[in-house]
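Take a look at the structure below.
Every chain is numbered from 1 and lettered A, B, ... according to where its sequence line falls, protein lines coming before strand lines.
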Amino acid sequence: MVTSTAVQLEPTGTPREEVESVVVRFAGDSGDGMQLTGSQFTLATALAGNDLATFPDFPAEIRAPIGTTFGVSAFQINFGARKIATAGDAPDVLVAMNPAALKVNLGEVKTGGTVIVDTGTFTGRNLKKAGFDSDPLEDNSLDGFQVLTMDISKLTMEAVKEFGVSNKEALRSKNMWTLGLIYWLYDRDREPTINWLRNKFAKLPHIADANIAALGAGHIYGETAELPGDMRGFTVRQADITPGLYRAVTGAEALAWGLAAGTKLADLRLVLASYPITPASNLLHILAGMKQFDVVTFQAEDEIAAACSAIGASFAGTLGVTTSSGPGIALKGEAIGLAVGAELPLVVVNVQRAGPSTGLPTKTEQSDLYQAVYGRNADAPLVVLAASSPANCFDMGIEAVRLATKYMTPVMLLSDGYMGNASEPWLIPDFNDYEPFPVKFSAPEDIGEGSFLPYARDEETLARPWARPGTSGLQHRIGGIEREDGSGNISYDAENHQRMTDLRAAKIRGIAKDIPLQGVEQGNESGQLAVVGWGSTHGPISRAVGNLRDGGYDVSHIHLHHIWPLPSNLGELLSGFDQVLVPEMNNGQLVTVLRAEYLVPAEPINKVNGQPFKITEIEDAVKSRLDGQSGEAK
Amino acid sequence: MVTSTAVQLEPTGTPREEVESVVVRFAGDSGDGMQLTGSQFTLATALAGNDLATFPDFPAEIRAPIGTTFGVSAFQINFGARKIATAGDAPDVLVAMNPAALKVNLGEVKTGGTVIVDTGTFTGRNLKKAGFDSDPLEDNSLDGFQVLTMDISKLTMEAVKEFGVSNKEALRSKNMWTLGLIYWLYDRDREPTINWLRNKFAKLPHIADANIAALGAGHIYGETAELPGDMRGFTVRQADITPGLYRAVTGAEALAWGLAAGTKLADLRLVLASYPITPASNLLHILAGMKQFDVVTFQAEDEIAAACSAIGASFAGTLGVTTSSGPGIALKGEAIGLAVGAELPLVVVNVQRAGPSTGLPTKTEQSDLYQAVYGRNADAPLVVLAASSPANCFDMGIEAVRLATKYMTPVMLLSDGYMGNASEPWLIPDFNDYEPFPVKFSAPEDIGEGSFLPYARDEETLARPWARPGTSGLQHRIGGIEREDGSGNISYDAENHQRMTDLRAAKIRGIAKDIPLQGVEQGNESGQLAVVGWGSTHGPISRAVGNLRDGGYDVSHIHLHHIWPLPSNLGELLSGFDQVLVPEMNNGQLVTVLRAEYLVPAEPINKVNGQPFKITEIEDAVKSRLDGQSGEAK
Amino acid sequence: MNAPAKPSALKAKDFASDQEVRWCPGCGDYAILKGVQKALADIGTPPENVVFISGIGCSSRFPYYMSTYGFHTIHGRAPAFATGVKLANPDMDVWLVTGDGDGLSIGGNHMLHALRRNVNMQIMLFNNEIYGLTKGQYSPTSKQGTRSPSTPLGSLDRPLSPVLFALGANASFVARAVDTQQKHMPGVLQRAHAHEGASFVEIYTNCIVYNDGAFGSFSEKTNAADGELVLEHGEPMIFGQDRDKGIRMKPGAIELEVVQLGVDGITEDDLLRHDETNRVLAGLLGAMRNPDFPVAVGVLYCEDAEAYDTAVYRQVDEARAAGGEADMNALLRGGATWTVGE
Amino acid sequence: MNAPAKPSALKAKDFASDQEVRWCPGCGDYAILKGVQKALADIGTPPENVVFISGIGCSSRFPYYMSTYGFHTIHGRAPAFATGVKLANPDMDVWLVTGDGDGLSIGGNHMLHALRRNVNMQIMLFNNEIYGLTKGQYSPTSKQGTRSPSTPLGSLDRPLSPVLFALGANASFVARAVDTQQKHMPGVLQRAHAHEGASFVEIYTNCIVYNDGAFGSFSEKTNAADGELVLEHGEPMIFGQDRDKGIRMKPGAIELEVVQLGVDGITEDDLLRHDETNRVLAGLLGAMRNPDFPVAVGVLYCEDAEAYDTAVYRQVDEARAAGGEADMNALLRGGATWTVGE
Ligand SMILES: Cc1ncc(C[n+]2csc(CCOP(=O)(O)OP(=O)(O)O)c2C)c(N)n1
Ligand SMILES: Cc1ncc(C[n+]2csc(CCOP(=O)(O)OP(=O)(O)O)c2C)c(N)n1
Ligand code: SF4
Ligand code: SF4
Ligand SMILES: [Mg+2]
Ligand SMILES: [Mg+2]
C-alpha cells in the first residue's frame with residue numbers, strides 16, 4: 001500500500017479506464033521546458049505510487065534556433081502498476097509542443113497511440129522550419145493515431161492574463177498547462193508541483209501565480225472539455241513496491257553521493273579533479289556543492305591534469321577521484337598507468353557517450369569497456385566496475401572507493417549518459433547500515449627498526465602500505481620507473497620486473513575473492529540461454545527476460561557489476577547454458593572478454609545508434625535463437 | 001659460397017677448432033665503447049660469411065659514474081655456419097672490461113664458457129664499486145669457466161704510446177685491443193675496421209693510428225701469447241645464405257626507410273611528427289636526415305601535438321606519420337580516434353618498451369598489443385601490424401603505408417626496443433621490384449553535377465575519397481562529430497550512427513581479403529601443437545621450433561604480421577592443432593585476441609623481464625606439453 | 001606587413017557554406033562569422049586555398065559555416081592540426097578558430113608552441129570568458145569570483161589575459177577585436193593575414209546564455225568610445241566620446257596613465273604614440289582594463305620574422321639541392337655492404 | 001614575503017637520501033642538489049613535511065636524492081600532481097623539479113595553469129636548453145639553429161624565455177638562479193619558499209654531455225661579474241667587474257640600456273632601482289641577454305596574492321560553517337521524497 005506523505009489525492013471526476021502501464025513522451029522546443037515538465041510528472045507519478053523509469057533526451061545544441069528539429073528536447077516516462085524496468089520502447093502518448101517535436105518523435109509512437117498537439121504553434125513558418133511540406137494535422141500523416149489538438153498557446157495566454165505577465169512569460173507557462181492536462185489524464189496530484197512552483201519563483205510571485213493558474217487550467221480542460229473518442233482519463237494502480245522512504249534520483253546524483261559516502265566510510269577526504277565534458281560534467285557540479293562533506297573539487301585545465309592531480313591527492317593521503325567521458329578518459333590513460341605502477345588508490349569514473357572521437361556527446365553508448373579493461377600501454381591491470389541503473393550508482397560509487405583503498409589500485413567505474421541523466425525512484429538507504437572500511441595509514445611504529453618499505457605487501461590482499469606525507473619517519477620516494485619489490489627504489493633488474501608484473505596481476509585477480517559470487521537475476525542457474533548484460537542495459541534485459549519467461553522460454557538474466565576481475569564462479573555459471581547472448585550498446589566488447597576468458601561461444605547483440613535497447617529488440621533476438629530449436633520446451 | 005668484395009681474408013695462423021655457432025658478449029663501462037666494438041665485430045662477421053643476430057643492451061643512465069653496475073653496457077652477437085635466429089640464449093664468451101661488467105653478466109654465461117677479463121681494472125676501488133666483497137679472480141667465483149686474464153689496459157697503453165696520445169685517449173683504445181683479440185679468436189679480417197677508423201678519425205690521424213695499433217696488438221697477442229688450456233682459436237664456416245648484396249640494418253633504420261619507401265610508392269610526401277622518447281627517437285633522427293626524399297620531420301611539443309599534426313598533414317593530402325613508444329602512444333589515443341572517425345590515413349608506429357608507465361624505457365617488451373587493438377574510447381577499429389625482425393621493418397613500413405592510404409585508415413605498426421636497436425644482415429632489395437600504389441586524389445571532374453561527397457565510398461574497399469585542400473570545387477568540412485553517410489555533414493541521426501559504425505567496422509574487417517593468407521613458417525598445416533608468435537619473438541620461436549622438429553616433435557611455427565584484422569584463414573588453421581601456444585613478452589595479450597576470435601584454447605607463455613625469450617624457454621614450454629602426452633609420436 | 005588587400009571579385013557570401021548556423025540566437029559568434037567572411041572576401045584568396053581548423057566548443061563549429069576546406073578537430077588541439085596542414089602544404093591559407101577554453105585551458109600548450117614557432121596562420125581566439133558548449137563552467141579567462149556550475153561559491157583562479165599570454169609566448173603578431181565592431185574587425189583580420197607567421201587575434205564575443213554582457217563596458221555602442229582605445233601604429237593614443245582623453249607613460253615610472261587633454265597643459269605631444277614593434281609597450285597596453293583604463297583594440301604587436309613553415313621548406317630545398325636526387329636504392333646501399341655469391 | 005629564515009637545527013645532509021646520485025659526472029644538477037639541500041636546511045621544515053614532485057628527465061630524478069617524501073611522476077605533468085598534493089593537504093611544503101623539456105614542452109600547459117592559479121609551491125625549472133635524458137634533442141629553450149639529433153640542419157623554432165613565459169602566465173613570483181652560484185641560489189630558494197603561491201625559479205644548469213657551456217658567458221666564475229646583474233629589491237642596478245656599469249631606462253623610450261657610471265656624468269641616481277612589484281620591469285629585465293646586456297638573476301618579480309589552495313580551504317571552511325555538520329542521511333533525504341507504506 002502506498003501512502004503519500006502530506007499530500008491529499010484529489011477525488012477522481014470521471015470514470016477512468018484502468019491500464020497497467022503507460023509510456024508518455026513530452027517533446028517540445030528546448031525553450032519549452034520539457035525536462036522540467038518531465039521531472040514534475042515523474043515526482044507526481046512516484047507520489048501516486050507507480051513504479052517508473054525515465055529517459056531525458058536533450059538536443060546537442062545549447063540553444064538551437066526556435067522551432068528547428070535539432071532543437072527538440074524530449075522526456076519520456078514509463079510508469080505502471082507493475083515493476084518498470086525501462087523508459088519504454090514506444091510512447092503510448094506523445095505531447096508535441098510544436099511541429100518540429102511532432103516531426104522528430106512521431107515515428108516512435110505506438111500504433112494507435114495518442115498524439116497531443118499544440119495547434120497554436122502550427123503556423124506556416126514553424127511547419128517549414130520543421131521541414132513539413134504540408135500541415136500534418138491536415139494531410140493524412142496522423143492517420144492511425146488518436147489525435148488531440150488544442151491551441152495550448154492561446155488557452156495558456158487566456159489562463160494567465162490576469163497576472164500581468166508579459167506575453168513571453170505567459171507563453172513560458174505553456175508547459176504547465178500541458179502538465180495540468182496530463183495530470184488530469186492520469187489522475188495525478190497537482191499539489192507538489194504547486195509547492196515547487198511557489199518555491200522556485202519565491203522572488204517572482206506573479207510568475208508563480210501564472211504558472212499555477214496554467215497548471216490548473218490544463219487540468220480543468222481535461223475534466224470539462226469534450227475530448228475526442230472514448231478518451232476519459234486513466235487510472236494506473238499503485239505498484240507493489242518495497243515499503244520505505246523514496247526519492248527520485250539520477251545516476252549523476254547517486255554516483256556523486258556514492259563517492260562521497262564511500263570516502264566517508266573510508267574515513268578520507270575526497271579530492272575530485274575533473275574537466276567538464278558531456279555527459280560527465282554533472283558529477284563535478286554536484287560534488288562542487290558538497291564542500292561540507294570534506295569534498296574538495298578542482299576544475300583542472302584538462303583531463304590529463306585532472307587525472308594527475310587526483311593521483312597527487314591520493315599520494316598525499318586522500319582519495320583522488322577523476323570523472324570524464326570516453327575522449328577524456330583516453331587522455332588519462334598514461335596517468336592511470338602511473339597509478340597502476342605506483343599502486344595508489346584512484347577512482348576514475350567514465351560516463352560513457354556515443355563515439356568514436358567526439359561522436360554524439362549527448363547520446364548514450366557503452367562502448368568504452370575495451371578502453372577500461374585493455375586501454376593502457378603495457379600490462380597495467382586495474383579494477384573495472386559498472387553501475388546498472390541510476391540508483392545503483394550509489395552502491396557502485398561506494399564499492400569503487402572500497403576496492404581502490406583496500407587494494408591500493410585505480411578503479412574504473414563505468415556509467416553512461418543514459419544512466420547519468422535518467423532518474424528512477426530510489427528506496428533511500430540508511431547510511432548507518434553501511435559497514436565502514438576506514439583506511440589504516442602506515443604509522444611510524446609499524447616499521448620497527450628498519451626503514452619504511454613502501455612496496456612491502458599485505459599477505460592477503462597483496463596491497464602495499466599507504467604512508468601519508470607529513471608522517472615522520474615514513475618518507476619515501478616512488479615513481480613510474482619499475483620499483484624494487486619492497487623498497488620501491490628504482491630497479492632495472494630483470495627478475496624484479498617479472499616479479500612486480502606478476503604481483504600487480506595477482507593483486508587484481510585476487511580481488512575476485514572479495515566480490516560477490518555471480519548470481520542469476522531471473523531464471524535458472526543453467527538452461528537453454530543466458531542473457532548476460534552489464535551497465536544500463538539492465539532495464540531492457542530484465543524486462544525482456546521477464547516477458548520471455550512469462551512466455552515460457554527457458555532464459556536467464558545474468559547481470560555483471562564487476563567487469564574486471566570477473567566473479568570467480570562466472571565461467572562455471574556460463575558453461576551451464578547452451579547459449580549465451582550478450583546485448584551491448586556497442587559493437588561487441590564484453591562478449592570478447594567472456595569468450596577470451598571462458599571460451600564460451602557467447603554471441604553479441606549490438607546496438608550502436610545512441611539509444612538504449614528496446615525490450616522487443618532483446619526479446620526478438622532471444623526468440624530467433626530459441627524458436628528455431630527443434631522440439632524442446634521454448 | 002661467399003665472396004667478400006674488396007676484402008682479403010688473412011691466412012689463418014694456428015690450427016683452429018671448428019664450431020658451428022658462437023655467442024659472444026662484449027661488456028664494459030658505458031665509456032668503454034662496447035656498442036662500437038660490437039657493431040664492428042658484426043660487420044667483420046658478416047663479411048666472413050656467417051649468419052648472425054645481435055642484441056645491444058644499453059644502460060638506462062646517460063652516463064652513470066664509471067665502474068658502477070648500472071653503467072654497464074653490453075653487446076651480444078650470435079653467429080654461425082647455420083641460420084641464426086636470435087642473439088643467443090647464453091654467451092659462450094664473455095668479454096668483461098671491468099669488475100662491474102663481470103658482476104652483471106657472469107650469471108648468463110654458459111657453463112664452461114670463456115670469460116675474458118681486463119685485470120687492469122680489477123682494483124680495490126672498482127671491485128667495491130661493482131659490489132664485490134672479494135676479488136672474483138681470486139676467490140672461487142669463476143670456477144667452472146675458462147678464464148683468460150690479461151691486463152688489457154696496460155697492454156693497450158704500451159701498444160699506443162708511440163702515437164703521442166694522452167693517457168685518457170690511450171685507454172679509450174682498449175676496446176680496439178680487445179676487438180683485435182677476438183678477431184684473432186674467430187679469424188676475422190681487421191681491414192674493414194681499419195678503414196672505418198681511418199674514416200671516423202680522419203681529422204685526428206694520431207687517434208686513428210693509436211686505435212689501429214691497439215687493434216693490431218690485440219690480434220698479435222692472440223696469435224703469440226700462450227692462451228690457457230686448449231684455446232687455439234676457432235673457425236666458423238660460412239653459412240648457406242641466399243646470394244646477393246647485404247648490409248647490416250637495425251629495426252630503426254629499416255623502419256624509417258620503409259616508411260619513406262612506402263610514401264614514395266604511394267606518390268606522397270611524408271610528414272613525420274614525433275616527440276622524442278626512448279626507444280622510438282631514432283626514427284625521428286633518421287628521418288630528420290632524409291629531407292631530400294620529400295620527408296618533412298617535426299619535433300612537436302608533445303605526443304598529442306605530434307599525432308594531431310600528423311593527422312592535419314594527412315587532411316592536407318600528404319601521409320602523416322607519428323612515432324612513439326607505449327606511454328606516448330597512450331597520449332595519442334584521443335587523436336587516433338578522430339582519425340578513425342574522420343577516416344584519414346595515418347601511420348602510428350609504436351616501438352614498444354617495458355612498462356607499465358615509465359617502466360623500463362631501455363628494456364624491451366611487447367605489451368602494447370591490447371592498447372593497439374582495443375585502446376581507444378568507443379568502437380574505433382583500425383589496422384594493427386607487427387614487424388618480426390629488424391629487416392622485416394622495411395616491408396612492414398611499406399605495408400603500413402599501403403593499407404593506410406588504400407583504406408583511408410590509421411594503421412598502428414608495432415616494433416619494439418629490441419628490434420629497433422638490434423641489427424641483422426639484410427639482403428638488400430631492389431626498390432624497383434616493389435609495385436607502386438599511387439594515391440588517386442579526388443579530382444573536380446569526378447563529382448559531375450552534384451557536390452563533393454567526402455563520405456561516399458569505394459564499393460570494394462569501403463574507403464572514402466581523399467580530396468586535397470587546394471583543389472577547386474572539392475571544399476568540404478569534416479570532424480569528430482558523427483558524419484552523415486555520404487555528405488559528411490554533422491548528423492545526430494540514430495540510424496546514421498549505426499550505419500557509420502557498421503561501415504567503419506566492415507571496412508577494417510574487409511582488409512582481411514587484401515592481406516596474405518596465413519602460412520606456416522615451419523612444420524605442418526595441422527598437428528599436435530602450433531606455436532603462434534608475433535613481433536620480435538620470431539627469432540627464438542623459429543629456432544626453438546626448428547630444434548624441436550629436429551628432435552622429432554610435431555610442432556609448427558605460425559607467425560603473425562597482421563594482428564588486426566587477422567588473416568581470414570587463421571581460425572581454420574588454428575583449429576587443426578591440438579594445442580596452440582602463444583609466447584609473448586607480455587602477460588598474455590595476443591592470446592586473448594585469438595581465444596576471443598576463434599574460441600581456440602590457446603595458452604600463453606609469458607615473459608616480462610625486459611629480455612627477449614631464450615630458445616630453451618620456448619623449447620621447454622613445448623616439451624612440457626608434449627612429453628606428458630601418452631603414447632603418440634613426440 | 002601592412003600589405004593592402006588585393007582587389008577581389010569574391011563576396012562575403014562566397015565564403016558561406018550551405019549549412020544552417022546553429023549558435024544560440026544572439027550569440028556574438030554570428031557577428032564574427034560575418035566579419036570573417038567579409039575579411040576573406042576582401043583578402044581574396046580563393047576558397048579552395050583556404051583551410052579553417054578548429055577545436056571543440058561553440059566557437060569551434062565555425063568551419064562548418066565556411067565554404068572553404070574545414071576540419072573540426074578535437075578539444076584544444078587545433079594549433080597542432082593546423083601546424084600539420086602547413087607542414088604538408090605551406091601554400092594553404094590556414095585560419096584557426098578556438099575558444100578561451102579550447103585555446104587556453106586544454107589547448108594552452110599547443111597555442112604556446114604554435115605562437116613561438118611562428119607557424120604561418122591566423123589564430124582567432126573567441127573569448128567569451130566562459131565554457132559555452134558544456135553549459136557555462138568558468139574558463140581560464142573568467143574573472144575571479146565567477147559563479148558557475150563548477151564554482152558555485154565563485155572561481156578562485158587568477159585569470160589569464162590572452163594577449164599577455166601570447167606576448168609571453170614570444171608571439172610575433174598580437175591583436176584584438178570585438179564581435180560587435182564589424183567595421184573594425186575585418187581590418188584587423190586582414191592585418192593578421194598579411195603578417196608572415198602566427199597571428200594571434202583575441203576576439204571578444206558575447207555568450208548570451210552563460211555570460212551575457214561580460215564586455216558591455218566597452219563592446220556596447222554607447223560605451224565603445226570611452227571604454228576602448230583603438231590602436232593605430234604611429235598615432236597618438238587618444239580616446240573618449242570627445243576624443244579628449246589620452247594615454248601616456250606616467251612620469252618617472254614604468255606604467256601607463258590616463259590623462260585629460262587640455263588639462264594641466266597636456267597636449268597630444270605628451271601622449272604615447274603607438275609602436276607596434278615594441279613588445280613591452282604591447283604588454284602595457286594589453287594589460288589595460290576597464291574601468292581605470294580603456295581596453296586596447298587593434299594591432300598591439302607586430303614583428304617581422306621568418307615563418308616556421310617557410311624555414312622548414314627552406315631546409316628541405318637546401319637538402320635537396322645539396323643531396324642531389326633522392327634515390328631509394330642508393331640509400332639502402334649506403335654504408336658498409338657485402339656480397340654473398342652464388 | 002621577505003620572511004627571514006628561521007634558525008634551524010637541520011643540516012643539508014639531513015635532506016640527502018641513501019640513494020646513489022646518478023647524473024653524469026660534471027652535470028650541473030649536482031650543484032643544484034647541493035644548493036637545494038642547503039636551502040631546505042636553512043628553511044628548517046622537517047623533512048616529513050616536505051614533498052618533492054618531478055616529471056621525467058635527468059633533472060626530474062631529483063626527488064630520489066632527497067630524504068623527504070617524493071614522487072617521480074610522468075613527463076610534463078608534475079605541476080598537476082603537485083596541485084593535487086596541495087589540494088589534499090595544503091600543509092605540505094611542496095617543491096617541484098622540472099626541466100626545460102618537461103616543464104615547457106610537453107608540460108607547458110600545466111606550468112601555465114599552476115602559475116596563474118597561484119598554487120602554493122616552489123617550482124624549480126632546471127634549464128639546460130636541451131633534452132638530456134633522451135640524448136640531446138633540442139628543447140623549447142634551445143637557441144635557434146641548434147643542431148641536434150632531431151634537427152641535423154639546425155632548429156628553426158623561436159625559443160621561449162622561461163621567465164617571460166611565467167610573467168605572461170600571470171605568475172606571482174619569478175626568479176632566476178645559476179647552478180654554479182652556490183652562494184646566491186639558496187637565498188633565492190628561500191625567497192621562493194617564503195612567497196605565498198606559485199614561485200617560479202628558472203635555474204640555469206649545464207648539461208655537460210649534450211650542451212656543454214651553454215651559459216658560460218655568465219655562469220663561469222670569470223664571466224659572472226660582467227655577464228650578470230644580481231637583482232636586489234630597491235637597489236640600483238649596478239654590475240661589472242669594477243661595479244662601474246649600470247642599467248637605466250633609455251630616455252624617451254620604453255627599453256633598457258647599459259650605461260657606464262662616471263661617463264657622460266652618469267651617476268647611480270640615473271640608474272633604475274629594482275622594483276620587484278613591477279611586472280613590466282620584470283619583463284624588461286627578464287629579456288636581457290648576453291652579450292648586449294647582463295643576464296638578470298635573483299627575484300625578478302614578486303607580488304602579494306592569496307594562494308589557490310588557501311582560497312580553496314577558505315571556501316571549504318565557509319561552506320562547513322554555513323552548512324552545518326555534513327550529514328549523509330540528510331543529504332540523501334533532501335528534496336522531494338515520498339513514503340511507500342507496508
Ligand atoms: C577531450 C575533451 N574534453 C572536454 C570536452 C568538452 N568540451 C567541449 S567544448 C569545451 C569548452 C568550450 O569552451 P570554449 O573553448 O571557451 O568555447 P565556447 O563554447 O565558449 O565557444 C569543453 C570542456 C571535449 N569535447 N573533449
Ligand atoms: C610521455 C612521454 N614522452 C616522452 C618521454 C621521453 N622523455 C623523457 S625526459 C624527456 C625530455 C627531457 O628534457 P628536460 O625536461 O629538459 O630534462 P633534462 O633531461 O634536460 O634534465 C623526454 C622527451 C617520456 N618519458 N614520456
Ligand atoms: S552557449 Fe553561448 S557561446 Fe555557445 S552558442 Fe550559445 S550564446 Fe554562443
Ligand atoms: S645528460 Fe646532461 S642533464 Fe643529463 S645527467 Fe648528463 S649532464 Fe646532466
Ligand atoms: Mg568560451
Ligand atoms: Mg633539459
Among [options], which residue has the highest count of heavy-atom pairs closer than 4.5 Å to chain D?
options                                : result
A:Gly320, A:Gly337, A:Pro429           : A:Pro429
A:Ile478, A:Ile481, A:Leu427, A:Thr318 : A:Ile478
A:Ala342, A:Pro243, A:Gly479, A:Ala313 : A:Pro243
A:Glu334, A:Glu301, A:Gln292, A:His476 : A:Glu301
A:Ala306, A:Cys308, A:Ala316, A:Ala305 : A:Cys308
A:Ser309, A:Ala300, A:Gly289           : A:Ser309

Using non-hydrogen atoms only, which part of [X] is less than 4.5 Å away from chain D: side chain, backbone, both, or neither?
X        : result
A:Ala261 : both
A:Trp426 : side chain
A:Leu265 : neither
A:Ser314 : neither
A:Ala310 : neither
A:Ala260 : both
A:Asn195 : neither
A:Phe293 : both
A:Ala335 : both
A:Leu474 : both
A:Leu338 : side chain

Just by distance, with hydrogens left out, do [X] and [Y] show a side-chain donor and acceptor under 3.5 Å apart?
X        : Y        : result
D:Asp29  : D:Thr205 : yes
D:Asn118 : D:Glu196 : no
D:Tyr308 : D:Thr83  : no
A:Thr45  : A:Arg188 : yes
A:Asp430 : D:Asn329 : yes

Is it the side chain or the backbone of [X] that comes within 4.5 Å of chain A heavy atoms, both, or neither?
X       : value
D:Met92 : side chain
D:Pro47 : both
D:Arg22 : side chain
D:Arg61 : side chain

Any salt bridge between [X] and [Y], counting N to O under 4.0 Å?
X        : Y        : result
D:Arg320 : A:Asp294 : yes
A:Arg483 : A:Glu343 : no
D:Glu318 : A:Lys291 : no

For chain A, which candidate among [options] shows the most heavy-atom pairs at distances under 4.5 Å?
options                             : value
D:Phe71, D:Phe52, D:Tyr64           : D:Phe71
D:Gly76, D:Ser67, D:Ala319          : D:Ser67
D:Ile53, D:Val312, D:Asn49, D:Val85 : D:Val85
D:Val50, D:Leu112, D:Asp93, D:Leu87 : D:Leu87
D:Thr68, D:Val51, D:Asp317          : D:Thr68

Should D:Arg77 and D:Ile106 count as side-chain neighbours, where that means a heavy-atom distance under 4.5 Å?
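D:Arg77 vs D:Ile106: side chains touch.
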Side chains of A:Thr471 and A:Phe441 in contact at under 4.5 Å (non-hydrogen atoms):
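No, side chains not in contact.
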So, the side chain of A:Ser39 versus the backbone of A:Leu36: is there a donor-acceptor pair under 3.5 Å, distance only?
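Yes; judged by distance alone, with no hydrogens or angles, the pair exists.
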Minimum heavy-atom separation for A:Pro465 to A:Leu453, with atom names?
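Taking A:Pro465 first and A:Leu453 second, the nearest heavy atoms are CG-O, 3.5 Å.
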Minimum-distance pair of heavy atoms, taken over all atoms of A:Met290 and D:Leu331
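That closest heavy-atom pairing would be CE-CD2, 3.5 Å.
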What orientation do D:Trp23 and D:Phe62 show, parallel under 30°, tilted 30 to 60°, or perpendicular over 60°?
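Rings of D:Trp23 and D:Phe62: tilted, 30 to 60°.
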Is A:Lys264 atom NZ crowded by more than 12 heavy atoms from other residues, nucleotides or ligands, each under 6.0 Å away?
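Above 12, so yes.
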